[in-house]
Amino acid sequence: MTWFTVALVLVVAAAGLLRWRRPAWYWMTFGVTLAALRVLVRYASVMDACGLTVPPSRWRLALARMTNRPAPESRAPRILRLRPTRTGLVLRLKLRPGQDAFDVSAATDRLRHSFGLYGVTSRELRSGVVELRMTGYDVLKRVQMPAKTDRAPMRVPVALREDGSVHYRDYRTVPHGLTLGATESGKSVYQRNLVAGLAPLDVALVGIDCKQGVELFPLARRFSALADNPDTALELLEALVTHMEGVYQLIRANQRITVDVPDSEIAADIWDLPADLCPVPVVVLVDEVAELALFATKDDEKRRDRIITALVRLAQLGRAAGIYLEICGQRFGSELGKGITMLRAQLTGRTAHRVNDESSANMAFGDISPDAVLAAIQIPTDTPGIAVTGDASGGWARIRAPHTSLREAVNICNKHADRTPDLPALAAFRPAVVPLPSARVPLSKTAPATA
């Protein structure tokens with residue numbers, strides 16, 4: 001009995017140490033089993049306390065009276081599946097008649113406390129079926145991306161969501177995006193993760209970094225075109241508009257609209273073209289959009305209007321030509337001048353890191369979801385990288401990108417430098433880089449002799 005007591009104490013101590021130092025390990029060894037048992041044992045009473053039950057139907061009451069039995073109890077949603085994950089549990093429920101998915105969504109905070117879990121989020125899969133994703137620990141405190149992700153063309157994993165799932169940047173679904181954030185909010189790290197995810201793909205990267213190129217020019221080996229000042233940016237954007245018009249001419253020449261061609265094979269964008277004719281897609285990254293919109297003189301104002309016009313044209317027409325925009329900035333409001341709100345309306349994907357005021361959050365989510373605005377202004381200053389992401393559908397979630405240093409991003413871009421395509425329309429803006437140093441190691445420790 002003594003040995004059993006000692007072993008039990010050691011197991012409890014090990015579990016406590018893991019929960020404190022390595023919550024992910026604790027969850028996979030002890031937490032997932034304890035949480036699953038807790039959910040199953042407390043399920044009926046918790047659902048009743050949260051108001052997620054329905055009274056028995058009339059025929060069940062009539063049957064109970066006819067058979068002289070006690071009245072049946074209220075019924076909770078039926079559990080379809082309980083699946084453990086590396087970060088929590090996934091509970092799929094079948095709603096009873098009269099219940100609504102909004103009722104479950106409104107009760108997620110009470111469910112979190114009742115089941116003793118870190119977080120609970122809900123989403124409706126289809127009519128009458130709701131999925132609860134429950135996390136066992138704070139997955140955003142120490143972001144660890146899963147080893148295997150669901151990659152696809154123009155779809156890259158960039159961050160981890162608060163429910164433990166991977167947040168993807170899918171350009172085929174959401175062509176253009178806007179990223180906001182104050183200084184030291186983690187905006188640059190998010191951008192590095194995006195570039196690192198795009199580097200292995202067959203895509204052309206175009207960068208505009210008016211902070212003298214300090215953010216994007218270290219990654220120049222993987223970029224097909226770069227600009228570090230507003231004058232060069234204007235020329236680059238107008239060259240992109242010319243490239244877009246050429247792609248549309250290519251699509252029009254290969255639409256193959258004949259009687260015997262099915263509707264699904266008629267080319268309407270670059271993805272409908274044959275593989276040997278399909279031009280390479282282009283992702284345009286603008287590091288600080290305010291530097292393109294501010295002006296001090298009349299000449300600067302004319303240049304600014306041409307830049308914003310080119311960006312609006314690319315946002316409105318670029319998707320079918322395979323041109324996608326990623327615009328970053330600290331603010332993105334009407335104070336930047338005419339055309340800014342028109343451009344913002346075309347940027348479907350919105351990501352907001354910590355902002356300095358509520359109006360900045362409204363610039364990102366004011367036309368999408370008031371709840372996302374509230375979540376964005378509540379991001380603390382001591383957690384850089386935490387962000388709120390949403391789209392025009394009104395859905396939003398908290399995310400955090402894994403920390404990627406500039407050196408790590410440079411190494412990834414250098415590794416995939418051979419994938420950098422040459423675009424004739426952008427050849428004048430191709431960054432000049434020196435050859436990579438040789439990997440050979442000298443056999444002698446002495447310094448080489450100089451001539």
Side-chain angles (χ1 to χ4, degrees), residues 12 15-16 19 23-24 26-141 161-165 369-372 374-375 378 393-398:
V12 173
R19 187 172 186 176
Y26 167 79
W27 176 257
M28 296 301 294
T29 53
F30 302 99
V32 63
T33 303
L34 296 176
L37 291 174
R38 190 162 57 243
V39 169
L40 293 176
V41 171
R42 299 180 181 177
Y43 178 75
S45 60
V46 167
M47 289 292 155
D48 185 41
C50 293
L52 297 178
T53 57
V54 295
S57 58
R58 293 182 178 179
W59 71 268
R60 293 185 66 197
L61 293 174
L63 183 62
R65 286 194 297 267
M66 291 172 57
T67 56
N68 199 23
R69 292 182 178 180
E73 298 179 351
S74 299
R75 294 185 299 171
R78 182 162 56 93
I79 298 178
L80 298 180
R81 185 173 66 178
L82 178 63
R83 176 172 58 89
T85 65
R86 58 187 289 271
T87 58
L89 299 172
V90 177
L91 183 64
R92 186 169 295 184
L93 304 177
K94 174 65 176 178
L95 300 182
R96 301 293 183 179
Q99 290 183 322
D100 185 74
F102 178 77
D103 299 333
V104 181
S105 177
T108 52
D109 198 52
R110 286 175 287 171
L111 294 174
R112 174 174 68 90
H113 289 290
S114 301
F115 290 137
L117 295 168
Y118 184 81
V120 177
T121 60
S122 71
R123 66 188 183 103
E124 184 178 6
L125 299 181
R126 58 181 183 273
S127 179
V129 178
V130 174
E131 182 179 84
L132 294 177
R133 298 189 69 93
M134 300 179 283
T135 52
Y137 58 96
D138 186 3
V139 297
L140 300 184
K141 184 177 181 180
R161 290 175 175 253
E162 63 179 341
D163 60 1
S165 60
S369 172
D371 294 335
L374 182 62
Q378 291 178 343
S393 65
W396 63 275
R398 291 183 181 89

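Residues passing the salt bridge (charged side-chain N to carboxylate O under 4.0 Å, His left out) test with R83, sequence neighbours excluded: none. Every side chain to side chain donor-acceptor pair (under 3.5 Å) that Y118 has, sequence neighbours left out, goes to D138. Residues passing the salt bridge (charged side-chain N to carboxylate O under 4.0 Å, His left out) test with D48: none are found, sequence neighbours excluded. In this structure, the salt bridge (charged side-chain N to carboxylate O under 4.0 Å, His left out) partners of E162, at least two apart in sequence or on a different chain, are R398. Partners of R38 under the side chain to side chain donor-acceptor pair (under 3.5 Å) rule, at least two apart in sequence or in another chain, do not exist in this structure.
To the nearest 0.5 Å, atoms OG1 (T121) and CE (M134) are separated by 9.5 Å. Between the CG atom of L89 and the CZ atom of R133 there is a distance of 10.5 Å, given to the nearest 0.5 Å. Atom OG of S122 sits about 10.0 Å away from atom CZ of F102, to the nearest 0.5 Å.
Taking 4.5 Å as the limit, every side-chain heavy atom of L93 sits out of range of all side-chain heavy atoms of L80. For the pair P77/M47, a side-chain contact is recorded, criterion being any heavy-atom separation below 4.5 Å from C-beta on. Residues T135 and L117 have side chains not in contact (no heavy-atom distance under 4.5 Å, counting atoms from C-beta outward). Annotation: side chain of V120 is not in contact with side chain of F115 (no heavy-atom distance under 4.5 Å). Counting heavy atoms from C-beta outward, C50 and L111 have side chains that approach closer than 4.5 Å.
Counting all heavy atoms, side chain and backbone alike, T87 lies closest to G164 at OG1-CA, 3.4 Å. R42 and S45 make their closest contact through O-OG, 3.1 Å (heavy atoms, listed as atom of the first residue, atom of the second, distance).
Within the structure, the side chain to side chain donor-acceptor pair (under 3.5 Å) test picks out the following pairs touching residues 92-108 (sequence neighbours left out): R92-E131.
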